[in-house]
Amino acid sequence: MGNSQSSATQAPVIDAPAIEAPAIEAPAIEAKGLSKRFGAVQANDAIALKVRAGTCHGIVGENGAGKSTLLKMLFGFYQPDSGTIWVHGIERALASPADAMAAGIGMVHQHFMLVEPFTVLENIILGAEGSASLAQAAAAARPALVELEQKFGFDVPLDAVVDTLPVGTKQRVEILKAMYRGADILILDEPTAVLTPPEAKQLFALIKMLQSEGKTVLFVTHKLDEIMAVTDHVTVIRAGRVVGDMATATTDAAQLAETMVGKRITRAVIADTSATETAALLRISGLSTDSNSDRPGPQNISLDVHAGEILGIAGVAGNGQSELLEALIGTRALSAGELWIADEKIADASGGLSPLERRAHMGMVAEDRLRAGVVETMSGAENAILGYHRRPAFEDARGLLRREAIAETAARYFEDQDVRPRDPSLPVGKFSGGNQQKLVMVREFAHAPKVMIIGQPTRGVDIGAVTRIHDQLTALRNQGTAVLVVSADLDELLAISDRIAVMADGKIVGIVDRADASEQKIGLMMAGLSQHQQPEARHADAR
């Protein structure tokens with residue numbers, strides 16, 4: 001009976017051809033429920049990320065949203081409190097960057113991990129020599145590197161010392177290093193933050209070439225126009241959580257910005273150039289400095305910046321802008337010329353005021369915040385008054401710091417500029433680059449200087465902070481401050497400047513009012529063509 005009952009309940013056998021399930025390629029990299037906490041700060045909260053192989057996948061979010069923490073877990077710097085990481089369908093425990101590289105993941109950091117006095121070749125093989133003899137290791141690596149260069153068009157001089165290379169070439173060295181070590185997944189953290197527009201275009205072309213070879217790219221940036229231009233898919237992170245995940249073709253920059261910050265973004269106020277002529281508060285007369293290795297220093301620079309004016313300085317990196325900034329803030333000596341604030345000469349070829357002494361006359365934001373803007377091991381509160389710490393508000397008659405006043409000031413700065421996390425007691429090295437920049441900017445703005453010198457004001461900050469900083473610069477200008485801004489971002493200079501001076505080969509090749517400026521005109525001047533040498537100018541003259 002048992003047998004007959006069994007046969008009665010068996011499913012009928014259907015004679016039909018077997019249907020194979022379609023093969024679904026595993027994601028190149030996938031995060032499942034990744035969480036990470038640092039003390040009271042929940043940096044990542046159950047992050048889910050799926051990156052299709054062979055695509056360029058964008059990751060965007062405000063400063064402090066948790067992007068860097070996520071990247072560091074994917075590259076083995078941090079280990080998640082919970083959640084898992086899968087690479088090509090295999091769960092991986094990435095306990096170190098070495099584990100990530102072994103899994104085929106490479107990362108190019110915003111601040112390059114290169115040994116400046118070493119050659120390109122030495123940097124690429126460093127730590128992966130495979131031989132006790134450096135000469136043998138280099139000889140063995142060279143053919144493979146030449147082949148990679150030819151395949152991807154890197155155009156990197158293998159025997160050049162890294163310190164002599166422009167920023168864009170250093171970045172290609174980092175990418176070549178990752179490719180040499182077998183990476184088929186490449187994480188690019190703020191890759192265009194230090195690049196000029198032409199260098200950025202070269203990077204985008206390289207990304208497309210890498211994709212054509214089946215490589216996968218994670219592209220992390222604050223520049224939404226770049227996300228739209230180069231990515232296939234984009235994930236938006238806010239306050240440690242994924243709040244948006246979409247094909248790039250289905251969205252636009254405005255929607256991404258609103259998703260990032262949780263509200264609509266109002267663009268920065270464009271400077272009003274109708275102001276009448278005012279007194280020159282900053283006067284640069286015949287300023288020259290010595291050249292820096294193979295890069296030209298500023299040569300015979302003469303500029304006036306007036307009260308209530310923003311003067312932008314444009315130029316391809318390496319054409320003397322950085323050295324000009326250093327001369328203005330006092331970290332580079334003048335070989336000729338003079339520098340005046342109002343009616344007081346503060347520097348000439350025989351010497352001048354120290355950077356600390358110049359703070360009585362001007363606010364200063366250096367191009368490289370890590371080298372000349374913050375001290376990473378000091379707290380956020382200490383960095384909030386750095387350079388102003390000798391003032392009576394922060395130091396008593398005995399030379400002791402007024403800790404309570406410093407804490408109150410830092411708390412106000414953090415709130416006003418939306419510095420995250422809101423903990424000024426943390427070492428500033430624990431903050432993201434964008435939040436470090438916001439702290440540096442609010443520190444200088446707070447003292448309402450009559451002259452403000454700024455290098456790369458919005459480098460590495462999110463779109464909400466860009467708008468806030470631009471508005472603050474415009475407000476300073478409207479209060480009568482003379483502002484000089486060096487920026488590699490032409491859109492930024494066109495948005496905030498009353499006039500734009502262009503540097504090429506250490507010289508000023510022209511100055512343009514904002515109303516007459518265009519990206520094309522400025523770009524040609526950056527290439528060394530004066531206004532009268534440009535095609536439209538010659539055509540107009542002929543008429």
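One is the number of the first residue; the rest follow in order along the sequence.
The closest side-chain heavy-atom distance from I284 to L328 is below 4.5 Å. Within the 4.5 Å cutoff, the side chain of P457 has heavy atoms near those of the V485 side chain. Annotation: side chain of Q211 is in contact with side chain of C56 (closest heavy-atom distance under 4.5 Å). By the 4.5 Å heavy-atom criterion applied to side chains, T409 and R412 are counted as neighbours. Side-chain contact between L186 and I175 is present, with at least one heavy-atom pair separated by less than 4.5 Å. Contact check for I463 versus L224: side-chain heavy atoms found under the 4.5 Å cut-off. Counting only heavy atoms from C-beta outward, the side chains of L256 and M228 approach each other to under 4.5 Å. Residues R514 and D498 fail the side-chain proximity criterion, which asks for heavy atoms closer than 4.5 Å.
Between the side chain of N383 and the backbone N or O of L439, no donor-acceptor pair lies under 3.5 Å. Using a distance-only test at 3.5 Å, with no hydrogens or angles considered, no donor-acceptor pair links the side chain of D348 to the main chain of E338. In this structure, the side chain of T289 does not engage the main chain of G297 through any donor-acceptor pair within 3.5 Å. Looking at R422, its side chain does come within 3.5 Å of a backbone N or O of V419 through a donor-acceptor pair. With hydrogens and angles ignored, the 3.5 Å screen pairs a side-chain donor or acceptor of Q437 with a backbone N or O of Q456. For the pair T481 (side chain) and V483 (backbone), a donor-acceptor distance under 3.5 Å is absent. A donor-acceptor contact shorter than 3.5 Å is absent between the side chain of T458 and the backbone of V461. Between the R172 side chain and the F154 main chain, a donor and an acceptor come within less than 3.5 Å of each other. The closest donor-acceptor contact from the side chain of K67 to the backbone of E62 lies under 3.5 Å. Side chain of K345 to main chain of W340: no donor-acceptor pair is present (N/O by atom type, distance under 3.5 Å, no hydrogens or angles).
Atom-to-atom distance recorded for K170:NZ and T164:OG1 is 8.5 Å, nearest 0.5 angstrom. The distance from atom CD1 of I207 to atom CZ of F152, rounded to the nearest 0.5 Å, is 12.5 Å. Remark: N123 CG to L158 CG distance equals 11.5 Å, nearest 0.5 Å. Distance check: I341 CD1 to M362 CE gives 3.5 Å after rounding to the nearest 0.5 Å. Rounded to the nearest 0.5 Å, atoms CG (L484) and CD1 (I454) are 9.0 Å apart. Interatomic distance, CE of M503 versus CD1 of I301, reported as 4.0 Å (0.5 Å rounding).
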For side-chain contact (heavy atoms from CB on, under 4.5 Å), just list the numbers for M107 and D189, CA-CA rounded to whole Å, side-chain angles, deciding distance to a tenth of an Å, and then say yes or no. CA-CA 8 Å; M107 184 169 177; D189 185 12; 4.2 Å; yes
Taking it one step at a time, do R283 and E344 satisfy salt bridge (charged side-chain N to carboxylate O under 4.0 Å, His left out)? CA-CA 10 Å; R283 287 189 290 143; E344 182 176 350; over 6 Å; no
Give the C-alpha distance, both sets of side-chain angles, the deciding distance and a yes or no for side-chain contact (heavy atoms from CB on, under 4.5 Å) between L176 and I124. CA-CA 8 Å; L176 180 59; I124 289 172; 3.6 Å; yes
Yes or no on side-chain contact (heavy atoms from CB on, under 4.5 Å) for E226 and F219, after CA distance, side-chain angles and deciding distance? CA-CA 9 Å; E226 295 178 353; F219 187 88; 3.9 Å; yes
Give the intermediate values and the outcome of side-chain contact (heavy atoms from CB on, under 4.5 Å) for residues L114 and K177. CA-CA 10 Å; L114 298 171; K177 181 170 69 174; 4.1 Å; yes
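Around CD of E116, the count of heavy atoms belonging to other residues, nucleotides or ligands within 6.0 Å exceeds 12. Within a 6.0 Å radius of CZ in F204, more than 12 heavy atoms belonging to other residues, nucleotides or ligands are found. No more than 12 heavy atoms of other residues, nucleotides or ligands shown are found within 6.0 angstrom of CG on D155.
Checked for salt-bridge contact, E492 and R459 miss the test: no charged N lies under 4.0 Å from a carboxylate O.
Of all heavy-atom pairs spanning I508 and A501, the tightest one is CD1-CB, 4.2 Å. When all heavy atoms of A178 and G106 are compared, the pair lying nearest together is CB-CA, 4.2 Å. Here the closest non-hydrogen pair linking T192 and A200 is CG2-CB, 4.1 Å. When every heavy atom of G387 is checked against every heavy atom of L356, the shortest pair comes out as O-CD1, 3.4 Å. Contact record, G434 with N63: CA-ND2, 3.3 Å, taken as the closest heavy-atom pair. I310 approaches L473 most closely through the heavy-atom pair CD1-O, 3.9 Å.
A donor-acceptor contact closer than 3.5 angstrom is absent between the side chains of S288 and S335. Checked by atom type, the side-chain pair D471/T474 shows no donor-acceptor distance below 3.5 Å. In this model, a donor atom of one side chain and an acceptor atom of the other lie less than 3.5 Å apart for T235 and H57. Residues H222 and E190 bring a donor and an acceptor atom of their side chains to less than 3.5 Å of each other. One side chain, Q472 or Q417, offers a donor N or O that lies under 3.5 Å from an acceptor on the other.
A parallel orientation is assigned to the rings of Y388 and H447, their planes being inclined by less than 30° (bins at 30° and 60°).
Judged by the 6.0 Å distance and 45° axis criteria, R443 is not positioned over the aromatic ring of Y413.
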